Peer 1: 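This structure is in C-alpha cells; I'll ask about it shortly.
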There are 2 protein chains.
Amino acid sequence: MKPKNKIIIVDDHMLFSQSLELLINSFKDFEVINRFENGKVFISYLQENIDSEVDLILLDVNMPVLDGVSTMKWIKENRPNLKVIALSVNDDEEIIIKMLTNGAKGYLLKDTSPEIFRNGIVSVIEKGFFFTELVSGMLVKKANSDATKVNLKDKEIIFIKHACTEKTYKEIASEMCLSPKTIDGYRECLFDKLEIKTRIGLVLYAIKNKIVLV
Amino acid sequence: MKPKNKIIIVDDHMLFSQSLELLINSFKDFEVINRFENGKVFISYLQENIDSEVDLILLDVNMPVLDGVSTMKWIKENRPNLKVIALSVNDDEEIIIKMLTNGAKGYLLKDTSPEIFRNGIVSVIEKGFFFTELVSGMLVKKANSDATKVNLKDKEIIFIKHACTEKTYKEIASEMCLSPKTIDGYRECLFDKLEIKTRIGLVLYAIKNKIVLV
DNA sequence: AACGACAAGGGTATTTTCCCCCTTTTTTTA
DNA sequence: TAAAAAAAGGGGGAAAATACCCTTGTCGTT
C-alpha cells in the first residue's frame, strides 16, 4: 500500500472544514493530517515544523486574523514550493487574481462538486496546477483588461475617497493640504479618465470598484 | 433502538450538502433521507409525497432556480407544520428576518461549529425553535429600528434612483413629468428626513440601504 | 372651516463644473 | 547632457447646477 498524500486544511469555517476532512478522508489515496483556523496559526505551525511533509494546502480566502491573500504572500516568500489550492465561497475576480499571482496552484469554489474537487486535488499534486473554466476565463479577461485599465495615482485615490463624502471640494482641499484649484484639476482629470461627467459619477465609480466601501 | 430523526437537505452547494450529510449521519440519532439542489425540485418532491415523514428541513438561503426565501414562503402557505432551519453563509439581516417571518424555526450560519449545529437540530426538533445570540440580537435590533425607521414614498424612491445617476435635477424632473421646483422640494424633504446635506449623501444612503444596486 | 399633502414659483447663496492660462519640478529623450 | 516634454500645483473667470428659504394654490380628508 503506497503512502497517502498528506493534506492540510486552513479554514475558519469549522463546520465546513470538518466536513471537508470527512470527505477527503473518504478518498482512499488522501488524508488530512492537520486543520488550522486561520493563516496565523498555520504559519506558526510551518515555522515550527520546517520539514513537514505536507503535499497540499487547501487555503480558505476569507479568514479572520490572517486572510488567505496575506497567508499566500507569506507562503510565496517563505515556502515557495508548497502547493496551495485556494478555496472561496465567491468568485471575486480581484481576490482570485491575487491568490494566483501569489503562487496558488488552483482556485476552487466551495460549492464545487466532490468530483471536480477531487480532480483538482489530484491535478495539483500530479501536474502542479488546476484551473476551472471560470478561473481560466478570468485570467484571460484580466490579461486583456490590464491594457486598457485606468491606473489611479495615490493622491487621486485619496481625493476620490474624500469625494465620496458630503465634504465640499474646498474642505477636501484643506484636508489634503492643497489649493482648491488643484483639487479642481484632480476632479477634471478624473472625469476625463473615467469618462464621467459629475461627482455623482465619481462616487458610483468608486463604489463599483471598491475604492470606498459602503 | 428508537427510529432516527429524518432530515432533508436543500442546498445547491453539492460539496457542502454532501459533506453535511456525512456529518449528520455521523450523529447516531439522525439520518439524511434526501437531498435536493434547489427549492423547485424540493417542492416537487413535497407535492408528490404528501405523507413524507420528514422531521426537519435544512434549507439553504442562496440557491438558483428557487431561492430560500421563496421556498420558505411556499412552505408557509402549503406545509406550515414543516420544521425548517435556514442555512446561509452570510448574516444578512434582511434575509434572516424574511426567513424567520416566513416560519423558519432557526437560522444557522454555515460556519457554525458542529456542536452548535447539532444543538440547533436537536432544539428545533424537541423545542420547536433555535436562535443563536446573533439572530436574537438581530430580532431585537429590528424590533427597535422598526419604530424609528424612515419610510419613503414611492415617488421619493423613484427620485432617489434618478439622483443616483449623472442626470441633473432638471433632467430628472422632466423624466418624472414634474416641475424642477417640485423635484427641489423632494430633495429638500429627503435631506431633512435622512439627515444629509448633499446629493452625495443621498447617493451613499441609497446604496447603503440597497435602494439602488451597484 | 381647517388641515395636511402635494405641486410649483421666486429669489439667492454656494458649489460644482468647465474653460483657458501660468510656473515649477521631474522625467524623457534626442 | 542639454533640450523637450510631461507632471504637478495653482489661478481667473463664468456658466450651470445645487442647496436653501419662503410663499401660493389645489385637492381631498376630517
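Given the structure is predicted, the values throughout are model-derived calculations rather than measurements. All values below come from the heavy atoms of this structure, side chains included, with hydrogens, waters and symmetry mates left out. In what follows, chains are A, B, ... by sequence order, proteins preceding strands, each numbered from 1.
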Peer 1: Hey, which sits more toward the 5' end of DNA chain C by its nearest nucleotide, B/Gly185 or A/Thr168?
Peer 2: B/Gly185
Peer 1: Flag the pair A/Ile7 / A/Asp55 as yes when at least one side-chain heavy-atom distance between them is below 4.5 Å, and no otherwise.
Peer 2: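 Counting from C-beta outward, A/Ile7 and A/Asp55 never come under 4.5 Å.
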Peer 1: What is the distance, rounded to the nearest whole Å, between atom NZ of A/Lys181 and atom C1' of C/dC20?
Peer 2: 10 Å
Peer 1: Provide, to the nearest angstrom, the distance between the CE atom belonging to B/Met176 and the P atom belonging to C/dA7.
Peer 2: 8 Å
Peer 1: Over how many whole Å does the gap from A/Phe191 atom CZ to C/dC19 atom P extend?
Peer 2: 12 Å
Peer 1: Within a reach of under 6.0 Å around NZ of A/Lys167, are more than 12 heavy atoms found that belong to other residues, nucleotides or ligands?
Peer 2: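 Enclosed.
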Peer 1: Rounding to a whole Å, what distance do you find between A/Lys167:NZ and C/dT16:P?
Peer 2: 12 Å
Peer 1: With a cut-off of less than 4.0 Å, is there a side-chain N or O of A/Tyr169 near OP1 or OP2 of C/dT17?
Peer 2: yes
Peer 1: Does NZ or CZ of B/Arg35 come closer than 6.0 Å to the centre of the six-membered ring of B/Phe42, within 45° of the ring's axis?
Peer 2: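 Not satisfied by the 6.0 Å and 45° rule.
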Peer 1: Closest nucleotide of DNA chain C for A/Ile200 versus for B/Pro180: which of these residues is on the 5' side?
Peer 2: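 Between the two, 5'-proximity favours B/Pro180.
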Peer 1: Taking any atom closer than 4.0 angstrom to a non-hydrogen atom of chain A, what span of DNA chain D does the protein reach, first nucleotide to last?
Peer 2: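 Contact span on the strand: D/dA8 to D/dG13.
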Peer 1: If the cut-off is 4.0 Å, is A/Lys170 near the phosphate of C/dT15, judged by side-chain N/O to OP1 or OP2?
Peer 2: yes
Peer 1: Check the distance between C/dC6's P and B/Tyr186's OH and give it to me in whole angstrom.
Peer 2: 7 Å
Peer 1: What's the CD-P distance between B/Glu166 and C/dT16, to the nearest Å?
Peer 2: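 Atom-to-atom, B/Glu166 to C/dT16, this comes out as 15 Å.
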Peer 1: For the pair made of CD1 in A/Ile196 and P in C/dT16, what is the distance, rounded to whole Å?
Peer 2: 14 Å
Peer 1: Counting C-beta onward and ignoring hydrogens, is there a side-chain heavy-atom pair between B/Val69 and B/Met99 closer than 4.5 Å?
Peer 2: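 SC-SC contact between B/Val69 and B/Met99 confirmed.
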Peer 1: Does A/Lys110 come within less than 4.0 Å of A/Asp11, counting only side-chain N to carboxylate O?
Peer 2: yes
Peer 1: Would you classify B/Arg187 as touching base, sugar-phosphate or nothing, given that sugar-phosphate means primed atoms plus P, OP1 and OP2, and contacts are heavy atoms under 4.0 Å?
Peer 2: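 Result for B/Arg187 = base.
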Peer 1: Side-chain contact test, heavy atoms from C-beta onward, threshold under 4.5 Å: evaluate it for B/Asp111 versus A/Met14 and give yes or no.
Peer 2: no
Peer 1: Do the ring planes of A/Tyr45 and A/Phe36 sit parallel (below 30°), tilted (30 to 60°) or perpendicular (above 60°)?
Peer 2: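 Plane angle between 30° and 60°, so tilted.
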Peer 1: Report the distance from atom CD of B/Glu188 to atom P of C/dA13, rounded to the nearest whole Å.
Peer 2: 16 Å
